[in-house]
Protein chains: 2
Amino acid sequence: MSQTVDRALSILPLLAEGPADLGRVADRLGVHKSTALRLLRTLHEHGLVYRQSDQRYRLGARLFALAQEAVENLDIREIAHPHLVRLNEECGHTVHLAVYEENEVLYIDKVESRYPVRMYSRIGKPVAITVAAVAKLLLADLPEAERRALADKLDYPLYTPRSTPNAPAFLKELERVREQGWATDLGGHEESINCVGAPVRGTDGRVVAAMSVSAPNVVVTGDELLTLLPLVRRTAEAISREYSGRTTP
Amino acid sequence: MSQTVDRALSILPLLAEGPADLGRVADRLGVHKSTALRLLRTLHEHGLVYRQSDQRYRLGARLFALAQEAVENLDIREIAHPHLVRLNEECGHTVHLAVYEENEVLYIDKVESRYPVRMYSRIGKPVAITVAAVAKLLLADLPEAERRALADKLDYPLYTPRSTPNAPAFLKELERVREQGWATDLGGHEESINCVGAPVRGTDGRVVAAMSVSAPNVVVTGDELLTLLPLVRRTAEAISREYSGRTTP
DNA sequence: AGGTGAATTGCGATATCTGCAACGGTCATT
DNA sequence: AATGACCGTTGCAGATATCGCAATTCACCT
């Protein structure tokens with residue numbers, strides 16, 4: 001592993017906390033100011049950090065552009081998108097698509113609800129991994145050992161009284177999800193919001209992505225939302241079929 | 001500038017185009033495969049690149065998370081958001097907020113239209129800089145020399161017959177925007193979409209951000225949209241006032 | 001099995017990076 | 001107005017981390 005690059009990259013999460021000046025960056029990195037300066041310069045040339053008018057550094061614009069381009073080039077996303085739109089047209093609610101990667105689950109696509117009350121979420125935002133329906137679907141498919149290890153490492157924030165409280169409960173829930181082939185989040189993240197989700201599978205049957213439909217209680221009750229389950233599963237299966245007949249995962 | 005870091009960072013835009021294997025990365029970088037490998041490894045450890053099951057590399061999850069955190073930490077965005085929401089509630093159309101940074105203009109916030117017909121755009125996506133109302137507002141405030149230099153460097157794609165055709169026309173338009181203190185895009189980007197925008201200013205009067213309201217012809221005509229101008233300007237001024245009484249830009 | 005293609009590892013030469021110390025600019029203080 | 005403190009910046013020489021090579025391992029296909 002390259003030391004220089006390692007140091008340079010360590011600057012990014014540091015700046016994600018908020019703008020910092022040269023001295024602060026050097027201190028946090030444990031290197032001389034001149035060293036930090038050169039690293040920051042290089043990051044700057046690539047547009048990854050931006051120098052604001054007060055000379056402090058913060059994360060730069062190209063970072064967004066990169067993330068943007070990357071997310072648009074994911075083949076699952078490309079294939080799934082029209083299906084998500086159609087589902088949204090049929091049920092009217094917010095539709096999400098998410099993938100698992102290196103201990104994180106993140107939304108890679110979203111079709112907004114047609115109802116005025118909307119759920120807060122954003123593409124690229126890490127998902128509330130212990131409660132979201134899509135997270136359960138993706139984690140349920142991990143190899144036993146990895147699943148267990150991950151469950152132990154996670155925090156279990158009590159967003160609501162219905163949030164998954166701890167690792168054993170989470171593992172049990174994952175087991176259930178694994179067997180039934182679909183998942184829900186009934187007020188586990190936000191008190192008044194429910195979700196139903198289903199997995200997208202690749203050729204080999206492994207789960208490559210997960211999708212869900214979300215709606216607030218004021219629009220439909222949890223039970224009503226569950227009636228959409230067959231539709232959600234059919235959509236997920238349609239995406240799976242199309243994805244399996246295509247490019248390498 | 002650091003060579004190693006420079007090379008490592010050059011990998012990112014390369015992967016943004018799509019997944020690539022080690023050999024391809026090494027070739028594009030013009031270095032030996034072993035070198036490319038070590039760089040990729042380092043990027044991997046920081047979560048910036050991900051290794052998919054076919055061993056090819058693509059951009060990783062942490063990149064999205066970083067971009068996400070970065071955008072949420074912009075103070076202008078935080079201050080402006082409630083104002084944008086209120087404006088959206090009053091007029092129903094899509095509202096955008098954008099900033100200028102290093103030769104790019106990009107959306108940093110968006111409140112979606114309440115009408116079923118929506119405009120395509122996404123937070124983090126670079127704006128069509130030669131035609132968008134927000135871009136005109138931001139560039140019009142640059143120092144003369146910089147504005148001129150930038151105008152020369154830009155491409156002027158003809159999205160529609162009403163797109164800004166070349167640098168002189170653009171500079172003239174910027175001059176006008178500068179004087180009148182607001183800007184429009186009437187079908188310059190997409191034939192059927194119009195926008196009206198106004199600048200957000202900091203304490204010193206410099207433009208720090210720009211906002212706009214966009215709507216397709218099928219919902220309101222360009223003239224009707226113009227009647228919203230006073231409301232848009234009032235909103236921009238309200239944001240400016242609140243922003244001026246705050247943290248350093 | 002054999003063979004191709006790719007990724008990976010160990011190693012020595014050397015280009016690259018590091019930390020120091022001195023410089024220059026800016027802002028606040030007296 | 002002058003002084004001083006602070007921060008960012010630059011040039012340099014020594015230290016060392018990096019580079020490319022060549023050999024090895026691995027996986028896949030014929």
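Owing to the predicted nature of the structure, the values given are computational and were not obtained by experimental measurement. Throughout, protein chains are lettered first and strands after them, A, B, ... in sequence-line order, and every chain is numbered starting at 1.
- Contacts of residues 29-36 of chain B with DNA chain D (heavy atom under 4.0 Å): B:Val31, B:His32, B:Ser34, B:Thr35.
- Rounding to whole angstrom units, CG of residue A:Leu40 and P of D:dT9 are separated by 9 Å.
- For C:dG19, the base has a donor-acceptor partner in the side chain of A:Arg38 [N/O atoms by modelled type, under 3.5 angstrom].
- Note on B:Arg24: nothing from the nucleic acid sits closer than 4.0 angstrom, heavy atoms only.
- Taking CD of B:Glu144 as the reference point, atom CD of B:Glu175 lies at 7.0 Å (rounded to 0.5 Å).
- Distances shorter than 4.0 Å separate some side-chain N or O of A:Arg41 from OP1 or OP2 on D:dT10.
- Per the geometry, CG belonging to B:Leu37 stands 9 Å off C1' belonging to C:dT9, to the nearest Å.
- Summarising the geometry, the separation between CG on A:Leu22 and C1' on C:dT26 is reported as 15 Å, rounded to the nearest angstrom.
- Here the straight-line distance linking atom CZ of A:Arg234 with atom NE2 of A:His83 works out to 13.5 Å at 0.5 Å rounding.
- Pairs of residues two or more places apart, or lying in two chains, that qualify as side-chain hydrogen bond (donor to acceptor under 3.5 Å, both in side chains) and include a residue from residues 14-24 of chain B are B:Glu17-B:Arg28.
- Contacts between residues 2-14 of chain B and DNA chain D, counted as heavy-atom distances below 4.0 Å, involve B:Thr4, B:Arg7.
- To the nearest 0.5 Å, atom CD of residue B:Glu78 and atom CG of residue B:Asp109 are 11.0 Å apart.
- The separation between B:Leu39 atom CG and D:dA17 atom C1' is 13 Å, rounded to whole Å.
- Between B:Val105 and B:Ala98 the shortest heavy-atom distance is CG1-CB, 4.1 Å.
- Ionic pairing of A:Arg56 and A:Asp54 is present here: one or more N-O contacts between side-chain nitrogen and carboxylate oxygen are shorter than 4.0 angstrom.
- Residue B:Asp27 contributes atom CG, which lies 10 Å from atom P of C:dA7 at whole-angstrom precision.
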Check against salt bridge (charged side-chain N to carboxylate O under 4.0 Å, His left out), A:Arg62 and B:Glu102: CA-CA 9 Å; A:Arg62 181 125 323 133; B:Glu102 316 261 358; over 6 Å; no
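- With respect to the salt-bridge test (charged N to carboxylate O, under 4.0 angstrom), the residues B:Arg176 and B:Glu179 do not qualify.
- Here the CD1 atom belonging to A:Ile76 is positioned 4.5 Å from the OH atom belonging to A:Tyr243, to the nearest 0.5 angstrom.
- Atom CZ in B:Arg56 sits roughly 11 Å away from atom P in C:dA7 (whole-Å rounding).
- Distance, A:Asp54 CG to C:dG25 P: 21 Å, rounded to whole Å.
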